[in-house]
**Q** 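Below you will find the structure I want to go over with you.
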Amino acid sequence: GNNESTNRPIVTRKLISLITKNGFVNKKGTKHGKYERDGDSHVIMVPRHKNVTSGLSKRMCKELIELHGFSKKDILKLF
């Protein structure tokens with residue numbers, strides 16, 4: 001597949017929907033939404049904008065797959 005497929009903006013609302021369905025809870029950061037999940041040592045920081053920019057979305061997608069065990073299929077549904 002094309003690895004650049006995640007290098008596009010994501011609608012923030014879709015990202016939040018995906019992670020909350022998977023057990024993440026918003027712990028209310030200041031400039032970002034700070035999402036945590038029991039048993040997961042990594043926090044997901046979500047910018048408070050309508051869209052996550054392409055460069056950041058690519059990095060976040062990589063982390064969601066590698067650190068949090070999301071499937072690439074689920075991630076690609078965000079776009």
Side-chain angles (χ1 to χ4, degrees):
N2 177 8
N3 287 336
E4 292 308 300
S5 54
T6 57
N7 198 13
R8 287 178 284 158
I10 298 175
V11 176
T12 308
R13 181 171 45 77
K14 287 186 177 181
L15 175 63
I16 291 171
S17 169
L18 174 68
I19 64 179
T20 53
K21 267 187 216 145
N22 283 275
F24 282 87
V25 177
N26 191 356
K27 300 293 187 185
K28 304 279 189 252
T30 45
K31 292 193 170 88
H32 291 76
K34 184 179 170 188
Y35 291 82
E36 297 178 2
R37 175 167 70 175
D38 284 347
D40 193 326
S41 58
H42 301 282
V43 170
I44 300 176
M45 300 301 278
V46 180
R48 295 192 189 283
H49 300 288
K50 195 165 177 246
N51 297 297
V52 178
T53 58
S54 358
L56 181 59
S57 74
K58 185 177 184 181
R59 193 173 79 225
M60 289 186 80
C61 289
K62 187 172 190 278
E63 288 179 359
L64 288 171
I65 293 167
E66 293 176 4
L67 302 179
H68 305 286
F70 284 82
S71 74
K72 183 134 194 190
K73 194 173 132 203
D74 280 345
I75 297 302
L76 291 175
K77 284 183 195 157
L78 293 170
F79 296 95

**Q** With sequence neighbours excluded, tell me which residues meet salt bridge (charged side-chain N to carboxylate O under 4.0 Å, His left out) with K14.
**A**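 Residues passing salt bridge (charged side-chain N to carboxylate O under 4.0 Å, His left out) with K14: none at all.
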**Q** According to ring-ring contact (aromatic ring centres under 6.0 Å, His included), does anything in residues 11-33 pair up with another residue at least two apart or in another chain? List the pairs.
**A**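 ring-ring contact (aromatic ring centres under 6.0 Å, His included) check on residues 11-33 returns F24-H68.
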**Q** Does any pair with a residue in residues 24-35 pass salt bridge (charged side-chain N to carboxylate O under 4.0 Å, His left out), and if so which ones, sequence neighbours excluded?
**A**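 Listed once each, the pairs are K34-E36.
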**Q** First locate atom CE of M60, then atom CD1 of I65, and finally report the distance between them rounded to the nearest 0.5 Å.
**A**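 Here the interatomic distance stands at 12.5 Å.
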**Q** How long is the gap from CG on L15 to OH on Y35, to the nearest 0.5 Å?
**A**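 Answer for the CG-OH pair, L15 versus Y35, is 8.0 Å.
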**Q** Is there side-chain contact between L18 and I75, with at least one heavy-atom pair below 4.5 Å?
**A**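 In short, these two side chains touch, coming nearer than 4.5 Å.
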**Q** Taking the side chain as everything from C-beta on, heavy atoms only, tell me whether L78 gets closer than 4.5 Å to S57.
**A**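 Contact flag for L78/S57 side chains = no.
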**Q** I'd like to know whether CZ of R48 has more than 12 heavy-atom contacts from other residues, nucleotides or ligands below 6.0 angstrom.
**A**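 Counting other residues, nucleotides and ligands, CZ of R48 exceeds 12 neighbours.
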**Q** K50: which residues meet the salt bridge (charged side-chain N to carboxylate O under 4.0 Å, His left out) condition with it, sequence neighbours left out?
**A**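 Scan of K50 (salt bridge (charged side-chain N to carboxylate O under 4.0 Å, His left out), adjacent residues dropped) gives none.
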**Q** Could you pull out all residues at least two apart from E63 that satisfy salt bridge (charged side-chain N to carboxylate O under 4.0 Å, His left out)?
**A**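 Here no residue qualifies.
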**Q** Is there a side-chain contact between I19 and L64, using heavy atoms and a 4.5 Å cut-off?
**A**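 In short, these two side chains touch, coming nearer than 4.5 Å.
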**Q** According to salt bridge (charged side-chain N to carboxylate O under 4.0 Å, His left out), who are the partners of R37, at least two apart in sequence or on a separate chain?
**A**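 Listed in chain order: D40.
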